[in-house]
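A short worksheet on the structure shown next.
Residue numbers start from 1 in every chain, and the chains themselves are labelled A, B, ... in the order their sequence lines are given, proteins ahead of strands. Any value given below was found using the heavy atoms of this structure, including those in side chains, with hydrogens, waters and symmetry copies removed.
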There are 4 protein chains.
Amino acid sequence: MCGIAGVWNVEKSYNVLHDLLLGLQHRGQESVGIVLEDFKMIKNKGLVSQVLSESNFLPGNSGIGHVRYSTYGSNTEIQPLIGITSKGKFAIAHNGNIPDAESRINSLVEKGSVFNSTLDTEIFLHYISLAPYSDPILSIQWAFSRISSAYSVVILGKDKLIAARDRFGFRPLFYGKYKNGYVIASEDSVLYSIGANKIVEVLPGEIVIFSDSGIEKVKYANTDVKFCSFEYIYFSRPDSNFLYGNVHRARYRMGEILFEESSMRGDIVIPILDSGFSGALGFSAASKIPIELGLMRNRYLGRSFIMPENREEIIKRKLVPIPEVIKDKEVIIIDDSIVRGTTMKQIVKMLKENGARKVKVGIHSPPVIGPCPYGIDTSRKNELIANQKSIDEILSEINADELHYLSVEGLKKAIGGDNLCLGCLNLNYPV
Amino acid sequence: MCGIAGVWNVEKSYNVLHDLLLGLQHRGQESVGIVLEDFKMIKNKGLVSQVLSESNFLPGNSGIGHVRYSTYGSNTEIQPLIGITSKGKFAIAHNGNIPDAESRINSLVEKGSVFNSTLDTEIFLHYISLAPYSDPILSIQWAFSRISSAYSVVILGKDKLIAARDRFGFRPLFYGKYKNGYVIASEDSVLYSIGANKIVEVLPGEIVIFSDSGIEKVKYANTDVKFCSFEYIYFSRPDSNFLYGNVHRARYRMGEILFEESSMRGDIVIPILDSGFSGALGFSAASKIPIELGLMRNRYLGRSFIMPENREEIIKRKLVPIPEVIKDKEVIIIDDSIVRGTTMKQIVKMLKENGARKVKVGIHSPPVIGPCPYGIDTSRKNELIANQKSIDEILSEINADELHYLSVEGLKKAIGGDNLCLGCLNLNYPV
Amino acid sequence: MCGIAGVWNVEKSYNVLHDLLLGLQHRGQESVGIVLEDFKMIKNKGLVSQVLSESNFLPGNSGIGHVRYSTYGSNTEIQPLIGITSKGKFAIAHNGNIPDAESRINSLVEKGSVFNSTLDTEIFLHYISLAPYSDPILSIQWAFSRISSAYSVVILGKDKLIAARDRFGFRPLFYGKYKNGYVIASEDSVLYSIGANKIVEVLPGEIVIFSDSGIEKVKYANTDVKFCSFEYIYFSRPDSNFLYGNVHRARYRMGEILFEESSMRGDIVIPILDSGFSGALGFSAASKIPIELGLMRNRYLGRSFIMPENREEIIKRKLVPIPEVIKDKEVIIIDDSIVRGTTMKQIVKMLKENGARKVKVGIHSPPVIGPCPYGIDTSRKNELIANQKSIDEILSEINADELHYLSVEGLKKAIGGDNLCLGCLNLNYPV
Amino acid sequence: MCGIAGVWNVEKSYNVLHDLLLGLQHRGQESVGIVLEDFKMIKNKGLVSQVLSESNFLPGNSGIGHVRYSTYGSNTEIQPLIGITSKGKFAIAHNGNIPDAESRINSLVEKGSVFNSTLDTEIFLHYISLAPYSDPILSIQWAFSRISSAYSVVILGKDKLIAARDRFGFRPLFYGKYKNGYVIASEDSVLYSIGANKIVEVLPGEIVIFSDSGIEKVKYANTDVKFCSFEYIYFSRPDSNFLYGNVHRARYRMGEILFEESSMRGDIVIPILDSGFSGALGFSAASKIPIELGLMRNRYLGRSFIMPENREEIIKRKLVPIPEVIKDKEVIIIDDSIVRGTTMKQIVKMLKENGARKVKVGIHSPPVIGPCPYGIDTSRKNELIANQKSIDEILSEINADELHYLSVEGLKKAIGGDNLCLGCLNLNYPV
């Protein structure tokens, strides 16, 4: 889970990258990095507002940037990476994952290459350097042709900027006109929000080259599109739009269809904020059951100095119950997914303690039953409750009165199309 | 608009004050100050997370703190204030306003007193020093007896902490048990959120004294309560509770009654987030018109580096429209109030540009027609649109299709009681 | 021990105050404060470079500043102080001491005044407010007439800046022309170093008023001058100049006369850097004994992370011995004074361990036998070795082979004049 | 011009590296970097006290560090460098220069290697990876055998730390026992100053390996030693010691011999502080002409906010003249070298303006007539005044009354040995 951004030929590109990455902060909150023209670099752990502070300003009209969900050891493990290759000097940032990265790195190092990091991203630089072409673009194509998994990348060279997506288009990438130049980001909403226009998707298998002579496009591969369904379920901002339209509306329809499939009834619908909000609106509209603010999200919790020690207390502070709303009500909770089940268990308990007569749970996506080899944090694999237990077992575990998931068919219908990667939901992996 | 907090006899009171003030941040975002035992002080412009950073930690088991909406010149103008008086050394923090402060200060200075600040709060210290008693508590009572406007205060002495409210109880103040000691805050929700219990209101005209011998209460005045109605309308957190119950529920009822009074009809209800959310839920429930996320709030805007120059663009980025939601719809917007009207005008325009067929506006409070002499920022007096124009003129100004305010009676009914200060809504001022 | 500075009518006075206080840093390294026009204030613990960072820049053409040797509790105890008095608003910074401050403060507070700090400096503000005149300058004169001890002060008013010295002129103060305005500082060298010219001493008992109508001078008292001899012995920078000429040259002559009085002989002269350097040069020149770098000063010690626990090790790291210089030599150490004797004891030991055959100690000032009531840190009173022990006892304590102090007569001869406060050296106190 | 340091098996090695690099700060003031065990890294532009602040603390018992004189672009160009090679992961820091680095880098990149930086240091990592051995130590030896110029390096591996010097021993390197482990630094004085003992030189052509099984030494090359004479003339701290003894004493003897060779006479000797101090002491002792503080060094200048625009004014503030010392005197200035001549020209002018009757200049090293290919900043090559002009021309340029350099023979005699690199002084380059 990462976000990438790029700026070509816009004054004070530092400020523009700051705003683009700020708008992508939900895709990664552990580390931030940028490389501006002449390969000036800033990267560090922390949030965009901390790493790209005004006092760190660097001049330059072009650059690329990256936000990352998790971070290893040191600054060398933060993207973008810089490399001097036989085809010139490049900086690269990458959203996705190369499943067999370790064996590819080992094989390169054994032949005498030196890796500066343990990031799969560095593989691209080595393949570009080793490619049997003198032309940089042909070398980049050759590098992409050797890797067929999930990646959206931005590459900054001496006189050009390159945006590209893998052949399946697992991860999103967009660009648009901005002032005299161009801006690039993982989500289109971020481009709109800074005032860009003529916003276009980088297509699966496509390389877009920005240079002083304008835009050039190269199609290096042709395959069926397999867009990650979790971008629609919970990664992306509600105001983003992908091949099948707006994300909020898709989640709203997931909520509507969840009601149609489940026919759950109750007195009020309570969204788990912020993730379950769109789905709860749809569920409420379809069911005519009023939506209520039974659990208020405490936006300050992350900065608290006196954290309770047990998980139960932490959830109580994160989602503050409003007893006057909950008391004596049959409550329907709507959320986008259940990961480990521990949070939902506490929420159910908290609602019952505050007087809810019944607590029913609606999840507007299907159970996650497999890992993601394409860039979503797979460390959680063994912790996925739906991977280990049946729905009845989960219901009993979280101690709710009812539990309903959306069906895979319902999900596809809500999103409105078929070219989706559903691997973690139905074990049908594209690669 | 300020928030105050206190801690008595709790380990690492710095951390506790940090969390209390963090929870009160919505009441003032310009400056923060704390004074801990032995009168160690930190105060500065900025947010709680900036001013009370971990690296600024100070030891001590008791202290008081303050967040403030606006700030003049320098650190001397940030609360709490410290003074060595003839009754001992005190630190004081104050939420409210003394309307005739300037003439009181002039009169004291003319007699040879030296003021360290231009804050009305410093008047309390001088009155305590000049009071014709040797006992500190009697001196504090005497000081309060000379000032009959709005103040909730916390005072830290060498061996005691004092919490007090003016005789009308304009501004809220609560305390509760926490670990081996006590915590005090402007809103009860903040005390709940850190895990305090036995939470009690400081009563109007009451002084509560915390010392090693426990709690002592003194009633220094008796009058009709006049609680600020705007605490219910928009100052306070939705999860706070005052004499007439929960704030969110009151706003929800304002929305319900707004529908009853106005009978506005449309396809969807769009809340102006976050302030209009509770009212919109009530309106939607009463009208059965589904609530929708037509305007998404951009939580990052405040930290953007590339701000547009005109106000219209700023609002576009703050409240991002989702066209798929709005298109071809008859839209009802719900917000808590209209101040200058310029924002609402832009919102109406933005919705129409994104395809709304009609835009109707519902405000879940009555028009503000007078200034507030009791501590709400009165600099805006001449800018209040309802002070200058009729409702028809406002409707034409904002270019909406309909505009409905809640009635004063409807407001009282929604809050559920009568002991309210409604001065700015009906020009009936208590003092 | 403090330093004060002022700027009148010079662009970016913040930068000028920064440079003046940086040049006065040796007079106080614990806290820094400035007040600029419109009473904008910055004060904090730390060095000038930390407190007055570029990012803290404040606009304004006039201001005053202060560096302080020691600091109590909180920011309220850092100078300058600000007060709104019956004669207007003033900021004040003060170098010196009011010996009976506590009883003066108590007496003012008992009459109902409120003190914001426990600093003797605040007394000036109260006296100005209470003065039986409406004119600010007359009120300031009246305040000064009530206090006859040591103070050099700078006072910033709304439209004027005032520099003044007590009637004895214990502490230095200078001003000069700079660009279109004026600059003020405790030492003239600091004014030279920023490029000021026409540098003039503020005379004892004189008030200098800087305003838009130029400079005005008022003589408010006439007495014999009693300039602090320790400004010549060790407070001031070697390049500063007072009524009897250059400081370095005076210390050089102290070294020459110390040789004449003591006739100490040895192979090499080793200065204790930096304080004993000037005196050692004079001693070497008079004695024809070559000066050598036997103890190198470690300028980084203050910032070390791994400090040794015992004092002996600390001194070893602060003054690094160079064995090739010391070995088999009869060594003469020159320093300006001995305070507690512990450092000198370690130095003697260290030199002997590194092979010195003999170690003789020359101090180019007389023994300090009394406290200073005029602003030099008197907390050390009981620790003064010369206050407790005879010279023979000190010699035995520090385990040197010889020990010689300069005589009081020798000191006067070296400085070149008689109007000196020598209270701590001969118990003859002027006030 | 750089400094390197290492720590093996000492608690809180971060703090130890901080202190070692602080003591080496004079060797490089532009950037700082460290790598601790598990390859945790901090590097940045700035001083040791800024980059290695307490808040940046990292745990770990071993690590290496580097301070650098100049810095290119970004953090990737700051040492140490990290690389994953076919022999394992290593961090490396390097003091010295590989003259043909560019062609070596090009040749490696052309074969498909990727360079992360443009530093010659990275060549070591690539040679280690490409070495035809599986053993890391043999691979390191092989890498060293391919590069025969100047380098002292520290290398941190997973379970060992390596310190090594090139075969000529151009640059110094020492290690010593410290607590339960070892410390390594470019100068022995730094090791003494933190309290290390049993301090030993890493020999030219030697690799010292620190691991859990203790110390192991390997001699990989045998050649004549060619130690950089400029370490004695001005790079190193006066308290450091190399193969021919103490640095200060060598400079002192340079001053003595300069007098013997030149027979310059005058009234006073004025050192250019700090660089000319040791030589001036020697000159004064040999000539019996007293040394005087005619030019005081302003230690705060670097932090000034109001810098004068012309060079002359800057020098005036950096070296403050004391007129009472200079007036009517025949002055001899002593410094270690003349680079461009502009500073010396201003000093002569300033002394004459302050009343010096004559100004004579003594330089305690020979004229620099050639560049240094072994790591001393060669960008200055064309600016070297002695490279362009005769001594008479320089004398006329700086407008002094006399000018004397030390002879190369005098320098060798002062240092006390013959195994020196004197390439820049006599164009006799060892490699």
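A ring-ring contact (aromatic ring centres under 6.0 Å, His included) check over residues 88-112 of chain A, counting only residues at least two apart or in different chains, returns the pairs His94(A)-Phe124(A).
A donor-acceptor contact shorter than 3.5 Å is absent between the side chain of Ser113(A) and the backbone of Ser113(D). Put simply, the side chain of Asn116(D) gets close to the backbone of Ile82(A): a donor and an acceptor are under 3.5 Å apart. Between the side chain of Ser86(D) and the backbone N or O of Glu110(A) there is no donor-acceptor pair closer than 3.5 Å.
The environment of CD in Glu11(A) is sparse: at most 12 heavy-atom neighbours from other residues, nucleotides or ligands sit within 6.0 Å. In Gln50(D), the CD atom is crowded: over 12 heavy atoms of neighbouring residues, nucleotides or ligands sit closer than 6.0 Å.
For residues 98-105 of chain A, an interface with chain D (any heavy-atom pair closer than 4.5 Å) does not exist. Interface residues of residues 143-167 of chain A toward chain D, defined by a heavy-atom distance below 4.5 Å: none.
For Lys111(A), the part lying near chain D is the backbone, with the side chain staying farther off; criterion is any non-hydrogen pair under 4.5 Å.
Listed by chain and number, the residues in a side chain to side chain donor-acceptor pair (under 3.5 Å) with Ser49(A) amount to none (sequence neighbours excluded).
For the residue pair Gly112(D) and Ser129(A), the shortest heavy atom distance occurs at O-OG, 3.2 Å.
To the nearest 0.5 angstrom, Lys40(A) atom NZ is 13.5 Å from Glu77(D) atom CD.
Residues Ile84(D) and Val114(A) fail the side-chain proximity criterion, which asks for heavy atoms closer than 4.5 Å.
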